[in-house]
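To keep things clear, I will list the structure first and then write my remarks on it.
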There are 2 protein chains.
Amino acid sequence: MSRNDILRAAAQIFQEKGYHAASMQDIAEAVELKKGSLYHHVTSKQEILLALLDEALDLIIERLQAVEAKDLSPNLKLRQTMQAYLSFLAENRSLSSVLILEHKSLKPEFIDLHIPRRDRIEQIWREIIEEGISCGEFQSREPALTAKALLGVLNWAITWYREDGALSPDEIADHFADLFIQGLLIR
Amino acid sequence: MSRNDILRAAAQIFQEKGYHAASMQDIAEAVELKKGSLYHHVTSKQEILLALLDEALDLIIERLQAVEAKDLSPNLKLRQTMQAYLSFLAENRSLSSVLILEHKSLKPEFIDLHIPRRDRIEQIWREIIEEGISCGEFQSREPALTAKALLGVLNWAITWYREDGALSPDEIADHFADLFIQGLLIR
DNA sequence: CTTAAACTACCAAACGGTTGGTAGGGAGGT
DNA sequence: ACCTCCCTACCAACCGTTTGGTAGTTTAAG
């Protein structure tokens, strides 16, 4: 039994029940330990949450920056970033759910450590859009708002995506990319 | 003190802390009662949640259908529906937050009462898009997915919208409508 | 013999929920 | 005017359970 096993189990339980509805007892049972034994590996429930949030942020920012660094047309870069983001959510469901839905459960004293790095994600989306604008390929009067729209569509997917659905994450991302790039209007 | 006062207070506390982190004690203090007295007006915490979800659904479906019934071009109908939805979120923040973020806390025995009516909302968006397609005004290979995209953008707004922000709900909805209808690409 | 990791047993606090009771204000009869 | 009855609204006290967390002990491997 390792600390990592506990974090993995916690992520899944936080995803299923939400942070506050999940008990240390639940987590202990999932890793086949007694509740008290958890505290040998972990100092508190809050620490588990913070560790999960940090891990999720690290992984996701790394993936986004990998795409951002490529030399692609704005159109393609946006598309590939959306694919990278969505496939991350699909491959790391529970971790992503915690990042997206449970970060509000961080106690105030930990929040300030987390929010700035969280904002970095939104910033990356904004940069991609602004790059597209300055290339003369995109139009948007409020890139910050457009970034929020992108994040909304993708983050919301965590609430409805099923592994056994008809479409793969890449196909879903492609459809969303078409939608954002071309719009609904027939041209 | 009325049952409605209790529901209003509960909605606000559920919004701030989430359902499971909120205690009946919290709610009682907000309406200046003792915890036990709440049970004179309400039978359980779950019942409060269910009542809030039902109320929110009623109000929001009513608003959406009012716009849907109008005789508008697909373009305008989509835009006005987005405005109606977003302005509802802004005018009923706590109620909307509960509807969007806390419905997972409904116990299984209540869920079946709620989910079907919840799906009605998604259906309305899909109808609007499909109407636009059959009019030859919109294009979309997966209207169901497009509906989820719309819902995602709008629902996600509940997580970042601030009353003192630079843009009004109508302006935000307008920007989102432009984005969905015209796309990012310069034409 | 040491050490990490697991266990048992426990704690104070908080939880959702229930109970029995009471203050106070009408309503209605006389 | 007075008394009785009932009802709404509220409260203090408590129930059993669960919570996050701690302390001390045993186990097992190196």
Side-chain angles (χ1 to χ4, degrees), chain A residues 1-55 94 98 101-111 113-114, chain B residues 1-54 94 97-98 101-111 113-114:
Chain A
M1 192 55 45
S2 72
R3 179 185 154 99
N4 196 50
D5 293 329
I6 293 173
L7 292 183
R8 298 282 73 75
Q12 197 176 331
I13 295 170
F14 288 171
Q15 175 198 6
E16 287 164 12
K17 306 184 152 196
Y19 176 81
H20 282 105
S23 71
M24 292 297 267
Q25 180 77 346
D26 293 331
I27 298 170
E29 282 169 14
V31 293
E32 289 174 309
L33 286 184
K34 301 297 169 179
K35 185 177 52 143
S37 311
L38 286 181
Y39 289 86
H40 183 69
H41 305 270
V42 143
T43 73
S44 72
K45 196 183 171 190
Q46 275 286 306
E47 195 223 11
I48 296 179
L49 177 58
L50 188 60
L52 291 174
L53 292 173
D54 278 345
E55 183 189 346
S94 50
V98 173
L101 301 173
E102 303 299 332
H103 80 276
K104 287 192 319 176
S105 302
L106 259 190
K107 295 204 177 134
E109 54 264 38
F110 296 98
I111 280 197
L113 301 173
H114 179 67
Chain B
M1 191 55 45
S2 72
R3 180 185 153 98
N4 196 51
D5 292 330
I6 293 173
L7 292 182
R8 297 282 74 76
Q12 198 176 329
I13 295 170
F14 288 172
Q15 175 197 6
E16 286 165 12
K17 306 187 153 191
Y19 175 81
H20 282 106
S23 71
M24 292 297 268
Q25 183 77 292
D26 292 331
I27 299 170
E29 281 169 14
V31 293
E32 289 175 308
L33 286 184
K34 301 297 169 180
K35 185 177 50 145
S37 312
L38 288 181
Y39 290 85
H40 182 69
H41 306 270
V42 144
T43 73
S44 73
K45 198 183 172 189
Q46 275 286 306
E47 195 224 9
I48 295 179
L49 178 58
L50 188 60
L52 290 175
L53 291 173
D54 277 345
S94 49
S97 288
V98 173
L101 302 172
E102 303 300 331
H103 80 276
K104 288 191 320 179
S105 302
L106 259 190
K107 294 205 175 133
E109 54 264 39
F110 295 97
I111 281 197
L113 301 172
H114 179 67

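Just so we're on the same page: letters track the sequence lines, and every chain starts at 1.
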- Task: Send over the distance from I6(B) CD1 to dG17(C) P, rounded to a whole Å.
- Result: 14 Å
- Note on the structure: Residues passing the salt bridge (Lys or Arg N to Asp or Glu O under 4.0 Å) test with E47(B), sequence neighbours excluded, are R3(B)
- Task: Sequence neighbours left out, what passes salt bridge (Lys or Arg N to Asp or Glu O under 4.0 Å) with E55(A)? Give chain and number order.
- Result: R8(A)
- Separation of dT8(C) P from L33(A) CG (nearest whole Å): 11 Å
- Quick one: what's the B/S/- string for nucleotides 19-26 of chain D, heavy-atom cutoff under 4.0 Å, read 5' to 3'? SBBB----
- Query: Just how far, in rounded Å, is P of dG16(C) from NZ of K34(B)?
  - Reply: 16 Å
- Task: Mark yes or no for whether K45(B), through its side chain, and A22(B), through its backbone, hold a donor-acceptor pair below 3.5 Å.
- Result: yes
- Task: Quickly work out the K17(B) NZ to dG16(C) P distance and round it to whole Å.
- Result: 10 Å
- Among all residues two or more places apart in sequence or in another chain, which pass the side-chain contact (heavy atoms from CB on, under 4.5 Å) test with H20(A)? S105(A), H20(B), A21(B)
- Message: Taking 4.0 Å as the cut-off, does a side-chain nitrogen or oxygen of H40(B) come that near to OP1 or OP2 on dC10(D)?
- Response: no
- Task: Apply salt bridge (Lys or Arg N to Asp or Glu O under 4.0 Å) to K17(A) and list each qualifying residue two or more places apart in sequence or on a separate chain.
- Result: D26(A)
- How long is the line joining CD of E47(B) and C1' of dG17(C), in whole Å? 14 Å
- Go through the structure and list residues passing salt bridge (Lys or Arg N to Asp or Glu O under 4.0 Å) with E29(B), not counting sequence neighbours. none
